[in-house]
Each structure stands twice: as structure tokens, then as C-alpha cells.
Amino acid sequence: MHIILMGPPGAGKGTQAEKLAKEFALPHISTGEMFRNAVKEGTEMGKKAKEYMDKGGLVPDEIVVGIVKERLSKPDCTGGVLLDGFPRTLEQAEALDEVFEELKMKIDAAVSVDVEAEELINRLTGRRVCRNCGATYHMKFNPSKVRNICDHCSGELYQRSDDTIDTVKERLIIYNSQTLPIIEYYKRKGLFAGFDGSRPINEVFTDISAYLQKIQEK
Ligand code: ADP
Ligand code: ADP
Ligand code: ZN
């Protein structure tokens, strides 16, 4: 199964992707996570991406499409993949279609989780991420068992530098102008499925899992 996971920043894409990847044994590919790793490693690409990320903007399409294409060409993606946070523009969606065609793969579903803006701001400003494994927590809504320590790997939790109120507001504006149009794109292809992401993490997970289960059985 090749699945795209979409939604505004803070809707729970990463949280759901972590659980879905485990449930359906799919590699979880998060472009945001790939960029944060590149920033951490101090690569040229990381330096370039950071300029855009810190302002709440999108990294240019040619950079994003390049790293996704490289990742999708790896052997672990032939059986399926869970794309989290890509595509984010119409140009990326079109480029992804070409990459899939080249690799003789097809998209099975474009799943979107949606949450209203006020709640997104609460979620993003309380988000904490593991420095070591990238697992996501929330100070109030999904706290780690031990304060500031990752449940999975005992890594240290930190607040992302782009999870400040001003950057979050900019990211929401960009989502509405640049990313929302791709929902129509996938609706036209009959691949779109929208889910209410405002409910508790496990309820959202149960809904999306049931849907993917049906897709898998087709
Ligand atoms: P969130 O989950 O909060 O939406 P991500 O971790 O997915 O954030 O992405 C963090 C940042 O990385 C984005 O704000 C953007 O600058 C950059 N980024 C991630 N994916 C893409 C993409 N597909 N296109 C352009 N920029 C991206
Ligand atoms: P995205 O990848 O879409 O930006 P995340 O998965 O990182 O979103 O979630 C954003 C924040 O909201 C995190 O702190 C996460 O723990 C929390 N969160 C995710 N899903 C829910 C939910 N259903 N209810 C409450 N908080 C949630
Ligand atoms: Zn961890």
C-alpha cells in the first residue's frame, strides 16, 4: 500500500503515521523529519532547508522532490510506503505522480486529517519531539511517562524551533494557500479520504486503520 498522509501542521500526521507504519508494516517517510536530520547533520541541503523552515515557509519544490525521489527508489519502498507531509504543493503532487510512474508504483489513498486552527495552535505550541528518534509528544495531550524523556528510547525531548506562535501562524497561512488545493487534486483522482482529527489520538487511529484495512483487502 502506498499512502499519502496530509493535513495542516499540528493535525496529527506524525502521530498517526508512527502508529499506522507499525500497524501496516510500512516505511514512514516524513519530509519534515528528513530535513530536521539534515539540519542536525549540518549538510548543505540542511542549511538551505533551515532558512525556509525557521520562517514557516516551504522548502523549494526541487529540493523536496529530489530527496523524496531518492528515498522512494530504495528497495524497502517497493511493497508500500507511508508519506507524511509530502506532497505539500500541486507541483509536488504532479512530480510525485511522475516518480511513481517511473518506479512502477501507484498511490492507493490520500488520507487527510483535519483540525480547526485554534486547536492546531494549542497542539503545536505544546508539542515536544525526541531528539534521538523523532517520536512526538504533547505536554498536556500526550505526555511522555517521565517528563522530557522519550518513552521509546529514553532520548531527550525538545521543542522544535518552528513551533513558536508566529511561525505556526505563518505555516497555517501557507497550508491554506499552497497545500489545500491538492485535496481537490486527489478528489478528482478518486483517492481522497478525509478524517476528523479533533478526536483523541486512538479514535482517529481506529478510523484511519479501518479505512486502510479495506483498501488493503481490495
Ligand atoms: P508539520 O508536521 O508541523 O507540518 P513537518 O515536520 O512536516 O511539519 O515539516 C517541517 C517543515 O519542513 C515545514 O514547515 C517545511 O518548512 C518543511 N517541509 C516539510 N515537508 C515539506 C514539503 N513537502 N515541501 C516543502 N517544505 C516541507
Ligand atoms: P503533524 O505531524 O500533523 O504536524 P503531530 O503528529 O506532530 O502533527 O501532532 C501535533 C501535536 O499534537 C503533538 O504534540 C501531538 O502529540 C499532539 N496530537 C496529535 N494528535 C492529537 C490528538 N488527536 N489529540 C490531541 N493531541 C494530539
Ligand atoms: Zn525517542
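All values below come from the heavy atoms of this structure, side chains included, with hydrogens, waters and symmetry mates left out. Counting starts at 1 for both ligands and their atoms, in listed order. Treat the numbers as computed from the prediction; the structure is a model and nothing was measured.
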Counting each atom of ligand 2 from 1 as listed, which ones have a heavy atom of F141 under 4.0 Å away?
25 (C), 26 (N)
Considering only heavy atoms, does V64 approach ligand 1 within less than 4.0 Å through its side chain, its backbone, both, or neither?
side chain
Check: F192 ring centroid to Y185 ring centroid under 6.0 Å
no
Suppose we measure from atom 15 (C) of ligand 2 to each protein heavy atom; which comes out shortest, and what is that distance?
T15 OG1, 3.7 Å
Using a strict cut-off of 4.0 Å, indicate which atoms of ligand 2 neighbour a heavy atom of R199.
22 (C), 23 (N), 24 (N)
For ligand 1 and Y52, I'd like to know whether there is a polar contact (N/O to N/O, distance under 3.5 Å).
no
Using a 4.0 Å cut-off to any heavy atom of G14, which atoms of ligand 2 qualify?
1 (P), 2 (O), 6 (O)
Parallel, tilted or perpendicular for Y211 and F195, by the 30°/60° rule?
perpendicular
Evaluate the side-chain proximity of I165 to K169: yes if any heavy-atom separation is below 4.5 Å, no if none is.
yes
R171 N/O to ligand 1 N/O under 3.5 Å:
yes
Look only at interatomic distance and state if P87 has a nitrogen or oxygen under 3.5 Å from any nitrogen or oxygen of ligand 1.
no
In terms of atom number and element, which parts of ligand 1 are under 4.0 angstrom from non-hydrogen atoms of R127?
2 (O), 3 (O)
At less than 4.0 angstrom from any non-hydrogen atom of P8, what atoms of ligand 2 do you find?
3 (O)
Min over K13, E33, R88 of heavy-atom distance to atom 19 (C) of ligand 1 lands on R88
For atom 14 (O) of ligand 2, closest protein heavy-atom neighbour:
Y137 O, 2.7 Å
Positive for side-chain contact (heavy atoms from CB on, under 4.5 Å) with L83, one of I107, L96, L26:
L96
Does any N or O of ligand 1 fall below 3.5 Å from an N or O anywhere on G85, backbone included?
yes
Tell me whether ligand 1 is touched by G57 - counting only heavy atoms on the residue side and a distance under 4.0 Å.
yes
Side chain, backbone, both or neither: the part of P200 lying under 4.0 Å from ligand 2 by heavy atom:
backbone
Using a 4.0 Å heavy-atom cut-off, say whether Q16 meets ligand 2 through its side chain, its backbone, both or neither.
neither
Ranking E203, E18, R123 by closest non-hydrogen atom to atom 18 (N) of ligand 2, top hit is R123
Atoms of ligand 2 less than 4.0 Å from G197 heavy atoms?
23 (N)
